[in-house]
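Because the structure is a prediction, the values reported are computed rather than measured. No hydrogens, no waters, no symmetry mates; every other heavy atom, side chains included, goes into these values.
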Amino acid sequence: MIFPIVAYGDPILRKKAKEINADYPALDTLLDSMFETMYMASGIGLAAPQINKSIRLFIVDASPFEEDEELSEKERELVSDFKRVFINAQVIEETGPEWAFNEGCLSIPDVREDVFRQDTVTIEYYDQDFKKHTETFDGIVARIIQHEFDHIEGILFTDKLSALKKRLIKGKLANISKGKVDIDYRMKFPNAKKKR
Ligand code: NI
(Lines give C-alpha, C1' and ligand atoms only; values in the text may rest on other atoms or scores of the structure.)
Protein backbone atom coordinates (compact mmCIF):
# COMPACT_ATOMS: atom_id res chain seq x y z
CA MET A 1 0.00 0.00 0.00
CA ILE A 2 1.24 3.43 -0.88
CA PHE A 3 0.65 6.13 1.73
CA PRO A 4 0.20 9.79 0.90
CA ILE A 5 3.17 11.74 2.25
CA VAL A 6 2.32 14.42 4.79
CA ALA A 7 3.37 17.88 3.62
CA TYR A 8 5.09 20.70 5.49
CA GLY A 9 2.74 22.51 7.86
CA ASP A 10 1.00 19.42 9.23
CA PRO A 11 1.25 19.33 13.04
CA ILE A 12 2.16 15.62 13.03
CA LEU A 13 5.57 16.56 11.60
CA ARG A 14 6.16 18.65 14.74
CA LYS A 15 5.31 16.01 17.34
CA LYS A 16 7.87 14.00 19.26
CA ALA A 17 7.00 10.47 18.14
CA LYS A 18 6.23 7.64 20.58
CA GLU A 19 8.12 4.38 21.02
CA ILE A 20 6.55 1.12 19.87
CA ASN A 21 7.00 -2.43 21.07
CA ALA A 22 7.47 -5.78 19.33
CA ASP A 23 3.75 -6.49 19.23
CA TYR A 24 2.94 -3.37 17.26
CA PRO A 25 0.12 -4.53 14.93
CA ALA A 26 1.13 -5.61 11.40
CA LEU A 27 4.61 -4.13 11.62
CA ASP A 28 5.91 -6.14 8.63
CA THR A 29 3.07 -4.91 6.43
CA LEU A 30 3.68 -1.34 7.58
CA LEU A 31 7.39 -1.61 6.76
CA ASP A 32 6.67 -3.04 3.30
CA SER A 33 4.26 -0.17 2.66
CA MET A 34 6.77 2.39 3.88
CA PHE A 35 9.48 1.10 1.53
CA GLU A 36 6.97 1.03 -1.33
CA THR A 37 5.91 4.61 -0.54
CA MET A 38 9.52 5.79 -0.32
CA TYR A 39 10.54 4.17 -3.61
CA MET A 40 7.49 5.57 -5.43
CA ALA A 41 8.60 9.03 -4.35
CA SER A 42 12.29 8.31 -5.17
CA GLY A 43 13.28 8.94 -1.57
CA ILE A 44 16.31 7.65 0.32
CA GLY A 45 14.68 7.87 3.75
CA LEU A 46 11.18 8.03 5.18
CA ALA A 47 10.00 8.51 8.75
CA ALA A 48 6.65 7.32 10.13
CA PRO A 49 5.36 10.86 10.92
CA GLN A 50 5.61 11.53 7.17
CA ILE A 51 2.93 8.90 6.62
CA ASN A 52 0.84 10.31 9.45
CA LYS A 53 1.96 7.93 12.20
CA SER A 54 3.57 9.48 15.23
CA ILE A 55 5.80 6.52 16.12
CA ARG A 56 9.58 6.22 16.46
CA LEU A 57 10.24 4.43 13.19
CA PHE A 58 12.17 5.37 10.08
CA ILE A 59 13.62 3.57 7.10
CA VAL A 60 16.67 4.28 4.96
CA ASP A 61 17.86 2.98 1.60
CA ALA A 62 21.04 4.78 0.58
CA SER A 63 21.68 2.72 -2.57
CA PRO A 64 20.89 5.58 -5.02
CA PHE A 65 24.16 7.16 -3.82
CA GLU A 66 26.08 4.21 -5.24
CA GLU A 67 26.50 6.17 -8.49
CA ASP A 68 27.65 9.36 -6.74
CA GLU A 69 31.04 10.28 -8.18
CA GLU A 70 31.79 12.56 -5.24
CA LEU A 71 31.88 9.68 -2.76
CA SER A 72 34.94 7.58 -2.08
CA GLU A 73 35.00 4.03 -3.38
CA LYS A 74 34.66 2.72 0.18
CA GLU A 75 31.63 4.87 0.84
CA ARG A 76 30.01 3.87 -2.47
CA GLU A 77 30.38 0.25 -1.47
CA LEU A 78 28.75 0.92 1.91
CA VAL A 79 25.76 2.77 0.46
CA SER A 80 25.21 0.17 -2.30
CA ASP A 81 23.39 -2.18 0.09
CA PHE A 82 22.57 0.14 2.98
CA LYS A 83 18.91 -0.64 3.56
CA ARG A 84 17.80 -0.41 7.19
CA VAL A 85 14.88 -0.11 9.55
CA PHE A 86 15.35 2.02 12.69
CA ILE A 87 12.86 1.52 15.52
CA ASN A 88 12.86 3.48 18.82
CA ALA A 89 16.12 5.15 17.79
CA GLN A 90 18.03 7.37 20.20
CA VAL A 91 21.10 9.35 19.22
CA ILE A 92 23.86 8.62 21.74
CA GLU A 93 26.29 11.22 20.42
CA GLU A 94 27.27 13.30 17.44
CA THR A 95 30.95 14.07 16.92
CA GLY A 96 33.36 15.43 14.35
CA PRO A 97 33.41 18.59 12.30
CA GLU A 98 30.25 20.07 10.82
CA TRP A 99 29.93 19.80 7.07
CA ALA A 100 27.39 21.14 4.59
CA PHE A 101 25.21 18.84 2.54
CA ASN A 102 22.38 19.83 0.23
CA GLU A 103 19.33 18.26 1.88
CA GLY A 104 15.81 17.75 0.66
CA CYS A 105 12.73 16.10 2.16
CA LEU A 106 9.74 14.29 0.68
CA SER A 107 7.49 16.41 2.93
CA ILE A 108 9.04 19.62 1.55
CA PRO A 109 9.18 19.07 -2.22
CA ASP A 110 11.20 21.43 -4.42
CA VAL A 111 13.18 22.88 -1.52
CA ARG A 112 16.84 21.94 -1.24
CA GLU A 113 19.28 23.75 1.01
CA ASP A 114 22.75 23.25 2.44
CA VAL A 115 22.49 22.05 6.02
CA PHE A 116 25.39 21.82 8.47
CA ARG A 117 25.60 18.77 10.71
CA GLN A 118 28.36 16.93 12.51
CA ASP A 119 30.09 14.21 10.56
CA THR A 120 29.61 11.20 12.85
CA VAL A 121 26.61 9.84 14.71
CA THR A 122 26.29 7.01 17.22
CA ILE A 123 22.77 5.67 17.39
CA GLU A 124 20.97 3.03 19.40
CA TYR A 125 17.99 1.38 17.71
CA TYR A 126 16.00 -1.81 17.17
CA ASP A 127 15.78 -3.45 13.76
CA GLN A 128 12.67 -5.03 12.19
CA ASP A 129 13.17 -8.17 14.32
CA PHE A 130 13.43 -6.02 17.47
CA LYS A 131 17.10 -6.82 17.83
CA LYS A 132 18.96 -3.99 19.56
CA HIS A 133 21.95 -2.33 17.88
CA THR A 134 24.36 0.44 18.82
CA GLU A 135 26.28 1.64 15.78
CA THR A 136 28.41 4.54 14.63
CA PHE A 137 28.06 5.97 11.14
CA ASP A 138 29.76 8.79 9.31
CA GLY A 139 29.58 10.63 6.00
CA ILE A 140 26.52 10.34 3.80
CA VAL A 141 24.97 7.47 5.78
CA ALA A 142 25.21 9.47 9.02
CA ARG A 143 23.64 12.41 7.22
CA ILE A 144 20.59 10.44 6.08
CA ILE A 145 20.15 8.95 9.56
CA GLN A 146 20.45 12.37 11.24
CA HIS A 147 17.80 13.83 8.90
CA GLU A 148 15.39 10.92 9.50
CA PHE A 149 16.05 10.86 13.24
CA ASP A 150 15.09 14.55 13.38
CA HIS A 151 11.68 13.62 11.91
CA ILE A 152 10.81 11.42 14.91
CA GLU A 153 11.80 14.34 17.18
CA GLY A 154 9.53 16.75 15.30
CA ILE A 155 12.42 18.60 13.63
CA LEU A 156 12.70 19.47 9.93
CA PHE A 157 15.85 20.41 8.00
CA THR A 158 14.45 23.85 7.31
CA ASP A 159 14.65 24.54 11.08
CA LYS A 160 18.43 24.41 10.78
CA LEU A 161 18.74 27.19 8.18
CA SER A 162 19.86 30.75 8.85
CA ALA A 163 17.22 33.39 9.61
CA LEU A 164 17.83 34.86 6.15
CA LYS A 165 17.36 31.55 4.34
CA LYS A 166 14.23 30.85 6.36
CA ARG A 167 12.80 34.19 5.29
CA LEU A 168 13.65 33.49 1.64
CA ILE A 169 11.78 30.16 1.56
CA LYS A 170 8.83 31.21 3.75
CA GLY A 171 6.48 31.76 0.79
CA LYS A 172 7.48 28.48 -0.80
CA LEU A 173 6.79 26.59 2.44
CA ALA A 174 3.38 28.23 2.78
CA ASN A 175 2.57 27.18 -0.78
CA ILE A 176 3.62 23.59 -0.08
CA SER A 177 1.26 23.41 2.92
CA LYS A 178 -1.57 24.56 0.63
CA GLY A 179 -0.72 22.02 -2.05
CA LYS A 180 0.59 24.59 -4.50
CA VAL A 181 3.51 22.48 -5.64
CA ASP A 182 4.21 20.26 -8.61
CA ILE A 183 4.90 16.68 -7.50
CA ASP A 184 4.61 13.21 -8.99
CA TYR A 185 3.73 11.35 -5.78
CA ARG A 186 0.67 11.46 -3.52
CA MET A 187 0.68 13.95 -0.67
CA LYS A 188 -1.59 15.11 2.13
CA PHE A 189 -1.64 18.90 2.44
CA PRO A 190 -2.68 20.45 5.77
CA ASN A 191 -3.87 23.74 4.31
CA ALA A 192 -5.34 22.63 0.99
CA LYS A 193 -8.68 24.23 0.15
CA LYS A 194 -11.42 21.64 0.48
CA LYS A 195 -13.08 20.76 -2.80
CA ARG A 196 -16.86 21.14 -2.68
NI1 NI B 1 12.72 14.42 5.46
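Atom CG of D81 sits about 7.5 Å away from atom CG of L78, to the nearest 0.5 Å. The distance from atom CD1 of I123 to atom CD of E148, rounded to the nearest 0.5 Å, is 10.5 Å. Note that CD of E67 and OG of S80 are 10.0 Å apart. Values are rounded to the nearest 0.5 Å. Taken to the nearest 0.5 Å, the CD1 atom of I145 stands 10.0 Å off from the CG atom of D138. Residue M34 holds its CE atom at 9.5 Å from NZ of K53, rounded to the nearest 0.5 Å. Atom NZ of residue K170 and atom CG of residue L173 lie 10.0 Å apart, to the nearest 0.5 angstrom.
Across K15, K18, R56, a single residue satisfies salt bridge (Lys or Arg N to Asp or Glu O under 4.0 Å) together with E153, and that is R56. Here the options are D119, I44, V115, the test is side-chain contact (heavy atoms from CB on, under 4.5 Å), and the partner is R143; only V115 passes. Test L27, I59, N21 against I87 for side-chain contact (heavy atoms from CB on, under 4.5 Å) and you get one pass: L27.
T136 and T122 are linked by a side-chain donor-acceptor pair at a separation below 3.5 angstrom, with hydrogens and angles left out of the test.
When all heavy atoms of C105 and Q50 are compared, the closest pair comes out as SG-NE2, 3.6 Å. Scanning all heavy atoms of the two residues, the minimum distance from N102 to R112 falls at O-NH2, 2.8 Å. The nearest pair of heavy atoms linking K166 to L161 is CE-O, 3.4 Å. Shown here for T37 and I51, the closest heavy-atom pair between the two residues is CG2-CG2, 4.3 Å. Here the shortest heavy-atom pairing between A7 and L13 reads O-CD1, 3.5 Å. In terms of heavy atoms, D127 sits closest to H133 at OD2-NE2, 2.8 Å.
Side-chain contact between D68 and L71: present, with at least one pair of heavy atoms (C-beta onward) separated by less than 4.5 Å. Between V6 and M187 there is no side-chain heavy-atom pair separated by less than 4.5 Å. Between K178 and P190, the closest side-chain pair of non-hydrogen atoms is not below 4.5 Å. Considering only heavy atoms from C-beta on, V181 stays 4.5 Å or farther from N175 through its side chain. Counting heavy atoms from C-beta outward, L46 and F35 have side chains that stay 4.5 Å or more apart. With a 4.5 Å cut-off on side-chain heavy atoms, S63 and V79 do not count as touching. A 4.5 Å side-chain heavy-atom check between Q90 and E19 finds at least one atom pair inside the cut-off.
In terms of modelled atom types and a separation under 3.5 Å, the side chain of Y185 and the main chain of L106 share a donor-acceptor contact. With K16 contributing its side chain and I152 its backbone, the two residues share no donor-acceptor pair below 3.5 Å. Although no hydrogens or angles enter the test, the distance criterion places no donor-acceptor pair under 3.5 Å between the side chain of R84 and the main chain of V60.
The stretch residues 66-93 participates, sequence neighbours left out, in these ring-ring contact (aromatic ring centres under 6.0 Å, His included) pairs: F58-F86, F82-F137, F86-Y125.
The environment of CD in E70 is sparse: at most 12 heavy-atom neighbours from other residues, nucleotides or ligands sit within 6.0 Å. Summarising the local packing, CD of E77 is surrounded by 12 or fewer heavy atoms from other residues, nucleotides or ligands at distances under 6.0 Å.
Linking Ile, Leu, Val, Met, Phe, Trp and Tyr whenever their side-chain heavy atoms come within less than 4.5 Å leaves M1 and M40 in two separate clusters. F116 and F157 fall into different hydrophobic clusters, where Ile, Leu, Val, Met, Phe, Trp and Tyr residues are linked whenever their side-chain heavy atoms come under 4.5 Å apart, directly or through other members. Grouping the Ile, Leu, Val, Met, Phe, Trp and Tyr side chains by contacts below 4.5 angstrom, directly or via other members, places I155 apart from I144. Hydrophobic clustering (side-chain heavy atoms under 4.5 Å, transitive across Ile, Leu, Val, Met, Phe, Trp, Tyr) groups I5 together with Y39. Note on F3: it clusters hydrophobically with V85, by side-chain heavy-atom contacts below 4.5 Å among ILVMFWY residues.
For D110 and K172, the salt-bridge test fails: no basic side-chain N is under 4.0 Å from an acidic carboxylate O.
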Subject >> Worked verdict on E103 versus E113 for side chain to side chain contact (heavy atoms under 4.5 Å, CB included) >> reply: CA-CA 6 Å; E103 293 189 24; E113 295 291 344; over 6 Å; no
Report the C-alpha distance between W99 and Q118 in whole Å, list the side-chain angles of each, state the deciding distance to 0.1 Å, and finish with yes or no for side chain to side chain contact (heavy atoms under 4.5 Å, CB included). CA-CA 6 Å; W99 64 297; Q118 285 186 282; over 6 Å; no
**side chain to side chain contact (heavy atoms under 4.5 Å, CB included) between L57 and L31, intermediate numbers included** = CA-CA 9 Å; L57 162 61; L31 290 173; 3.6 Å; yes
Exercise. Can you list the steps and then say if D150 with R117 is a salt bridge (charged side-chain N to carboxylate O under 4.0 Å, His left out)?
Worked result: CA-CA 12 Å; D150 272 357; R117 297 182 195 266; 2.9 Å; yes
Report task. Kindly determine whether R14 and L156 satisfy side chain to side chain contact (heavy atoms under 4.5 Å, CB included), including the steps that lead there. Result -> CA-CA 8 Å; R14 293 313 193 172; L156 299 170; 3.6 Å; yes
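By the ring-ring contact (aromatic ring centres under 6.0 Å, His included) test, F65 pairs with no residue at all, sequence neighbours left out. In this view, F130 and Y126 satisfy the ring-ring contact (aromatic ring centres under 6.0 Å, His included) rule, not counting sequence neighbours.
Relative to the six-membered ring of F189, K180 misses at least one condition, a distance below 6.0 Å or an angle of at most 45° to the axis.
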